[in-house]
Protein chains: 2
Amino acid sequence: MEFLDVLKALGDENRIRIINLLRQEALCVCELEVILNLSQSNASRHVTKLKNAKLIIGEKKAQWIYYRLDRNILEKFSFLNALFHEDLTRLQQCQADLLQLKKHKESGIGCEELTENKTMRL
Amino acid sequence: MEFLDVLKALGDENRIRIINLLRQEALCVCELEVILNLSQSNASRHVTKLKNAKLIIGEKKAQWIYYRLDRNILEKFSFLNALFHEDLTRLQQCQADLLQLKKHKESGIGCEELTENKTMRL
DNA sequence: TGATTATATGCAATTTTACTCATTTACGTC
DNA sequence: GACGTAAATGAGTAAAATTGCATATAATCA
């Protein structure tokens, strides 16, 4: 059942935290890596698992791949709406992670901003 | 997070099938065993896991323990309502299991009925 | 009391999952 | 083309989960 793949993909703390961040905005692996303090390969593997479960999709932009929630699956399994938009928002860890995300974005050391700054400096 | 325990408990086919049956009515381990064709210890272990995640509670009656969904958790995590009452009902396997449950109940060889018949025969 | 039934659990085997390290592939900059 | 960064993946390991078999406990019945 693909339904079970979805549930299995959700049964991991790191992947729940990733989902929570992507709920807010599209992010690439290197950003998830920093915000959640995961190793590169570990972050990538969790993202791959979420992608295989069709919970997220990635869009390539230059050398980055921006991952975001896939709306198709939200329509397919109605429990995901409640899970993502209600239950997740109440979790302490998820709230803390969103703060980290905000900090990270404001710090201006995001992967893309860095490149843009480099470019601007030329 | 107890939230994660719930998600992990749901990430298994046998446990989803158990949940699906208990959605319909309270059942004891020996009935789940027959309907889902699981070994006794395996059925018991899955039930224990669901119980630990507080998804189900058991009520002892004579030598049986009747397990049913715990309404408290449904109020705590809103996604469970949609999951149990919408998404589960659409799964082929779950629909088939409900038919099996019906058959099992009608057959009159349920654990309690058997005892009742025995009693009546006396 | 002794036999039967329902349930839980200790132990061990097997499978699955998560993780790290090192490497590869792809894209972009100099 | 050489170098640097992003992302994926192969290999290996450690931890966790699933399961079966045998046994233990508790309740019921004869």
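In what follows, every chain begins at residue 1, and chains take the letters A, B, ... in the order their sequences are listed.
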With a 4.5 Å limit on heavy-atom distance, are the side chains of Leu98(A) and Arg23(A) in contact? yes
Report yes if some heavy atom in the side chain of Ile18(A) is under 4.5 Å from a heavy atom in the side chain of Leu27(A); otherwise report no. no
What is the separation between atom [atom1] on [X] and atom [atom2] on [N], rounded to the nearest whole Å?
X: Arg17(B); N: dT18(D); atom1: CZ; atom2: P; answer: 15 Å
X: Tyr66(B); N: dA27(D); atom1: OH; atom2: P; answer: 16 Å
X: Glu13(B); N: dT19(D); atom1: CD; atom2: C1'; answer: 15 Å
X: Leu50(B); N: dA8(C); atom1: CG; atom2: P; answer: 12 Å
X: Glu33(A); N: dC19(C); atom1: CD; atom2: P; answer: 14 Å
X: Lys61(B); N: dT5(C); atom1: NZ; atom2: C1'; answer: 18 Å
X: Asp5(B); N: dA17(D); atom1: CG; atom2: C1'; answer: 14 Å
X: Ile65(A); N: dT25(C); atom1: CD1; atom2: P; answer: 16 Å

Taking side-chain hydrogen bond (donor to acceptor under 3.5 Å, both in side chains) as the test, write out the residues that go with Lys102(B), two or more places apart. none
Residues that Asn52(B) engages under side-chain hydrogen bond (donor to acceptor under 3.5 Å, both in side chains), provided they are two or more places apart: none
Consider the side chain of Gln63(A), meaning its heavy atoms from C-beta on, and name the nucleotide among dT7(C), dT28(D), dC27(C) that approaches it most closely. dC27(C)
What nucleotide among dA8(C), dA7(D), dC27(C) has an atom nearest to a side-chain atom of Lys60(A)? dC27(C)
Suppose we screen for salt bridge (Lys or Arg N to Asp or Glu O under 4.0 Å). Which residues come up paired with Asp70(A), at least two apart in sequence or across chains? none
Quick note, salt bridge (charged side-chain N to carboxylate O under 4.0 Å, His left out) partners involving residues 32-47 of chain A, not counting sequence neighbours, are none
Polar side chain donor-acceptor pair, Arg17(B) to Asn20(B), under 3.5 angstrom: no
If the cut-off is 4.0 Å, is Tyr67(B) near the phosphate of dA8(C), judged by side-chain N/O to OP1 or OP2? yes
Distance in Å, Glu86(B) CD paired with Phe77(A) CZ, rounded so as to fall on 0.5 Å steps: 12.5 Å
Option passing side-chain hydrogen bond (donor to acceptor under 3.5 Å, both in side chains) with Lys105(B) (candidates Glu31(B), Gln24(B), Gln100(B)): Glu31(B)
Expected output is a numbered-order residue list: members of residues 35-47 of chain A with a heavy atom under 4.0 Å from any atom of DNA chain C. What is it? Ser39(A), Ser41(A), Asn42(A), Arg45(A), His46(A)
Output one line per pair: protein atom, nucleotide atom from nucleotides 13-17 of chain C, and distance, for all N/O pairs under 3.5 Å.
none

